[in-house]
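Structure record follows, encoded as structure tokens.
We name chains A, B, ... by the order of the sequence lines, and we start the count at 1 in each one.
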Number of protein chains: 2
Amino acid sequence: MRRRRETVITKIKDVAEVAGVSAATVSRVLNNVSTVDPAMAVRVREAVDKLGYRSNGVARSLRRRRTDVWALIISDISNPFFTSVARGVEDVAQRAGFSVVLCNSDEDPDKEAKYFDVVERERVAGVILSPNLVGSDISLLISAGIPVVAVDRPLRHPVDCVRGDSVEGARIATRHLFEEGWTRPACVTGPETAETAEQRLTGYRQAFVDRGLRPAKSLVRHADFRAGMARESVAALLDSRNPPDSFLIANSTMALGALEEFAHRGLLPGRDIGLVAFDDAPWARFVNPPMSTVRQRAYEIGALAGQLLLERIQGASGELELEPKSELLATELVVRASSRRASTSTA
Amino acid sequence: MRRRRETVITKIKDVAEVAGVSAATVSRVLNNVSTVDPAMAVRVREAVDKLGYRSNGVARSLRRRRTDVWALIISDISNPFFTSVARGVEDVAQRAGFSVVLCNSDEDPDKEAKYFDVVERERVAGVILSPNLVGSDISLLISAGIPVVAVDRPLRHPVDCVRGDSVEGARIATRHLFEEGWTRPACVTGPETAETAEQRLTGYRQAFVDRGLRPAKSLVRHADFRAGMARESVAALLDSRNPPDSFLIANSTMALGALEEFAHRGLLPGRDIGLVAFDDAPWARFVNPPMSTVRQRAYEIGALAGQLLLERIQGASGELELEPKSELLATELVVRASSRRASTSTA
DNA sequence: TTGTACGCGTTATCAC
DNA sequence: GTGATAACGCGTACAA
């Protein structure tokens with residue numbers, strides 16, 4: 001037990017005194033304003049070092065009436081897709097001199113609303129948001145004049161949005177299953193309220209139409225985006241009268257549920273059953289057999305969202321308001337063993 | 001193209017005018033100060049609603065000379081262990097009226113240092129930190145008087161630390177391998193600079209000693225915490241003159257590398273080879289066969305770290321400095337098929 | 001119980 | 001190029 005060490009806080013004024021200049025000059029030096037005598041700048045910097053002065057960001061933000069902070073509000077931080085998005089956002093922000101704070105809303109509208117509240121109060125410079133499933137109300141941010149960019153899922157409000165091309169991804173994945181020789185691919189997708197889930201279903205159906213087939217309703221199941229319910233859906237499909245011989249699964253977490261059910265029944269993907277899942281999770285290539293996926297360019301989605309936010313922030317000083325952009329990034333089919341059918345004959 | 005909508009910012013003074021009171025009274029109402037006439041409070045709140053007033057957190061923080069924000073600086077946000085830690089921290093913070101911002105340092109000391117810089121400037125109320133591998137220098141935070149709690153890995157500075165009991169976890173896991181009938185368990189652990197990695201190695205060795213055996217150096221490999229190098233280590237061990245018959249792997253990411261190498265060689269865990277890995281990743285029970293793990297109570301680690309931080313923050317007003325606490329939370333062995341040996345005889 | 005007045009630490013505006 | 005001064009929006013000691 002010892003006494004708490006008192007922390008001395010040096011202010012800009014202290015630096016000014018030591019350097020023998022005014023506080024204004026110190027501020028100018030610290031902010032690299034051109035109109036400053038080099039000799040003085042040196043004296044100021046010496047004083048800063050000597051005192052260990054550190055500027056107070058809070059006071060700075062108050063005076064400048066803006067911050068250099070972005071809020072990245074993510075609906076599920078444990079989803080590897082979003083961690084990659086975050087990296088993309090961070091890199092862009094960093095280069096532009098902004099810092100990023102991550103907020104995990106956990107698909108919980110209340111938590112999300114709470115974050116809207118604080119980031120608005122803290123006057124963040126901008127928000128990048130992956131909306132929750134039921135649809136987020138960002139009017140609080142809009143009326144505060146805070147630029148918002150949506151990722152992965154669109155918003156009601158007219159704001160920029162960046163996502164992967166789910167329709168095309170699902171279509172190509174399903175076509176691939178057909179081309180491998182599977183004849184009855186099923187689709188286990190997310191809830192109807194999720195735009196992303198619906199788009200993946202649409203792409204799946206298009207692949208049927210492409211081949212002149214009618215997509216069977218009995219081959220489609222809606223689940224939440226979690227593993228447990230996905231497993232049940234897979235089980236139900238396998239137990240149906242006319243069971244599928246292959247699966248398109250709407251995300252990587254749900255794929256875990258599918259894998260579990262397959263293992264439970266002794267079905268080996270790529271031999272007994274076909275499997276492609278959205279999102280190229282790190283573990284996808286490590287499971288047995290390696291899992292085919294639809295890879296979204298998650299990092300690029302984040303980076304592009306960052307770019308758009310940057311434009312909004314910088315454009316805020318200008319006269320004109322840009323129309324909201326909606327960007328769709330190409331997805332990529334990653335073929336591994338789980339979707340193969342040829343292996344049956346070679347085995 | 002349309003003109004940018006000008007955002008009107010209502011201040012506490014505007015509310016005061018509308019309500020016909022002084023700004024001080026408005027402030028008191030908003031901060032729930034007891035000494036306020038209920039009738040006036042009502043008038044104030046009405047004015048707040050009417051104007052859509054929202055307090056300015058920046059100004060508030062400056063005046064109060066403190067914030068209600070915690071920074072949670074995580075070394076790898078894609079590690080499920082840390083996402084669980086984050087949830088624990090958030091729940092405690094929330095209940096105590098703090099908000100949490102997540103900072104992903106990505107095991108990069110530069111990034112981490114950058115975060116130290118901004119959170120100090122922004123005067124966060126406290127920091128919870130999972131230090132990077134080489135050891136973090138938090139003196140910046142310390143000298144600013146910002147309380148710090150370390151999670152998962154200890155720090156040089158005398159601050160509170162909360163982690164899982166790696167020694168005991170590794171020991172029990174290794175004992176379990178012996179008890180299942182495996183005779184030559186190997187250990188693939190993290191870099192020597194990582195305290196956590198060393199502790200897992202220590203526990204592994206203790207299990208040998210417990211059985212009166214001498215832990216063989218040839219059965220131990222150090223890798224980074226990533227999958228690729230772990231796979232190489234596993235391969236090298238399997239190719240050695242006296243190969244192991246089972247493995248203890250130091251985290252879940254490395255386990256992916258091990259699984260890949262096993263699959264590559266046609267070795268099925270739980271039949272041909274034994275496997276236990278640290279960290280109960282979501283996918284662990286979904287791989288084939290389900291993987292035995294050492295589960296750390298990640299959520300509880302986060303929650304406890306939050307508690308300790310809370311005490312530091314609240315205690316900051318008091319006279320005495322508490323001694324740093326070091327908390328070790330029990331780990332739990334989750335036995336699944338991958339570590340079984342009995343299955344050989346029953347197959 | 002309420003209002004007045006000041007200050008939190010910084011930056012922007014003006015004179016010089 | 002530099003310095004004094006005001007202002008950013010709010011909380012609180014003090015007086016009433």
Side-chain angles (χ1 to χ4, degrees), chain A residues 7-45 47-48 51-69 118 120-125 144-145 317, chain B residues 7-45 47-48 51-68 97 118 120-125 144-145 317:
Chain A
T7 312
V8 270
I9 24 160
T10 38
K11 317 187 276 191
I12 212 170
K13 209 177 167 185
D14 304 325
V15 178
E17 278 180 19
V18 170
V21 298
S22 75
T25 299
V26 176
S27 173
R28 279 191 275 258
V29 172
L30 264 41
N31 291 290
N32 296 314
V33 175
S34 51
T35 65
V36 63
D37 181 34
M40 262 194 166
V42 172
R43 284 200 350 247
V44 168
R45 293 194 197 287
V48 166
L51 296 177
Y53 167 77
R54 316 214 72 237
S55 67
N56 182 323
V58 178
R60 178 172 219 251
S61 297
L62 176 61
R63 177 60 242 226
R64 300 176 63 185
R65 312 186 61 171
R66 62 191 175 81
T67 63
D68 295 334
V69 176
V118 310
E120 193 274 327
R121 285 199 147 83
E122 297 299 333
R123 304 293 196 259
V124 296
S317 55
Chain B
T7 311
V8 271
I9 26 162
T10 39
K11 317 188 278 189
I12 212 170
K13 208 177 167 186
D14 304 324
V15 177
E17 278 179 20
V18 170
V21 298
S22 75
T25 300
V26 176
S27 172
R28 280 190 275 258
V29 171
L30 265 40
N31 291 291
N32 296 313
V33 175
S34 51
T35 64
V36 64
D37 181 35
M40 263 196 163
V42 172
R43 274 185 18 230
V44 168
R45 293 193 198 286
V48 166
L51 296 176
Y53 168 77
R54 316 213 71 237
S55 68
N56 182 322
V58 178
R60 178 171 216 251
S61 297
L62 176 60
R63 179 61 244 233
R64 300 174 64 191
R65 311 186 64 178
R66 60 191 178 83
T67 63
D68 295 334
V118 310
E120 192 274 327
R121 285 201 147 82
E122 297 300 333
R123 304 293 195 261
V124 296
S317 54

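- Here D:dT5 presents its P atom at 17 Å from CD1 of A:Ile12, a figure rounded to the nearest Å.
- Checking the phosphate oxygens (OP1, OP2) of C:dT11, a side-chain nitrogen or oxygen of A:Arg60 falls inside 4.0 Å.
- Remark: B:Tyr53 is in phosphate contact with D:dC10, judged by side-chain N or O atoms under 4.0 Å from OP1 or OP2.
- We find that CZ of A:Arg123 is positioned 8 Å from P of D:dG9, with the value rounded to whole Å.
- Between the NZ atom of B:Lys11 and the CD atom of B:Glu17 there is a distance of 9.5 Å, given to the nearest 0.5 Å.
- Taking the side-chain contact (heavy atoms from CB on, under 4.5 Å) definition, one finds that B:Ala125 meets it with B:Thr67, B:Trp70, B:Phe98, B:Ile313, sequence neighbours left out.
- Taken residue by residue, residues 23-33 of chain B places heavy atoms nearer than 4.0 Å to DNA chain C at B:Ala24, B:Thr25, B:Arg28.
- In this structure, the side chains of B:Val29 and B:Arg45 come closer than 4.5 Å at one or more pairs of heavy atoms.
- Within 4.0 Å (heavy atoms only), A:Ser61 reaches no atom of the nucleic acid at all.
- Residues from residues 13-22 of chain A with heavy atoms under 4.0 angstrom of DNA chain D, sorted by number: A:Val21, A:Ser22.
- Listed here is the closest heavy atom pair of B:Asp68 and B:Gly97: CB-O, 3.9 Å.
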What donor-acceptor contacts under 3.5 angstrom involve side-chain atoms of residues 55-63 of chain A, with partners at least two apart or in another chain?
residue, atom, partner, partner atom, Å
A:Ser55, OG, B:Arg121, NE, 2.8
A:Asn56, OD1, A:Val58, N, 2.8
A:Asn56, OD1, A:Ala59, N, 3.0
A:Arg60, NH2, A:Asn31, OD1, 2.3
A:Ser61, OG, A:Gly57, O, 2.9

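- Separating the CG atom of A:Asp37 from the P atom of D:dG3 is a distance of 10 Å, rounded to the nearest angstrom.
- Between the P atom of D:dC8 and the CZ atom of B:Arg64 lies a distance of 22 Å, rounded to the nearest Å.
- Note: CZ (B:Arg54) to P (D:dC10) measures 12 Å, nearest angstrom.
- Here the P atom of nucleotide D:dG9 and the NZ atom of B:Lys11 are 5 Å apart, to the nearest Å.
- Distance from the side chain of B:Ile9 is smallest to D:dG9 among D:dG9, D:dT2, C:dT10.
- Over its full length, the helix from C:dT1-D:dA16 to C:dC16-D:dG1 turns its helical axis through 40°, comparing axes from the five pairs at each end and rounding to 10°.
- One interatomic measurement links the two molecules: CG of B:Leu62 to P of D:dT12, which rounds to 12 Å at whole-angstrom precision.
- For A:Leu51, the side-chain contact (heavy atoms from CB on, under 4.5 Å) partners are A:Thr10, A:Asp14, A:Val15, A:Val18, not counting sequence neighbours.
- Considering only side-chain N and O atoms, A:Arg65 lies under 4.0 angstrom from the phosphate OP1 or OP2 of D:dG9.
- Two residues are said to be in side-chain contact when any heavy atoms from C-beta on lie closer than 4.5 Å; A:Val69 and A:Glu122 fail this criterion.
- Residue B:Arg66 contributes atom CZ, which lies 15 Å from atom P of C:dG9 at whole-angstrom precision.
- A donor-acceptor contact under 3.5 Å links the side chain of A:Arg63 to the base of C:dT11.
- Heavy atoms only, all atoms of each residue included: A:Ala19 and A:Arg43 are closest at O-NH2, 3.0 Å.
- In this structure, A:Leu30 and A:Tyr53 approach most closely via the heavy-atom pair CD2-CE2, 3.4 Å.
- Looking at heavy-atom distances under 4.0 Å, B:Val36 makes contact with sugar-phosphate atoms alone, never a base.
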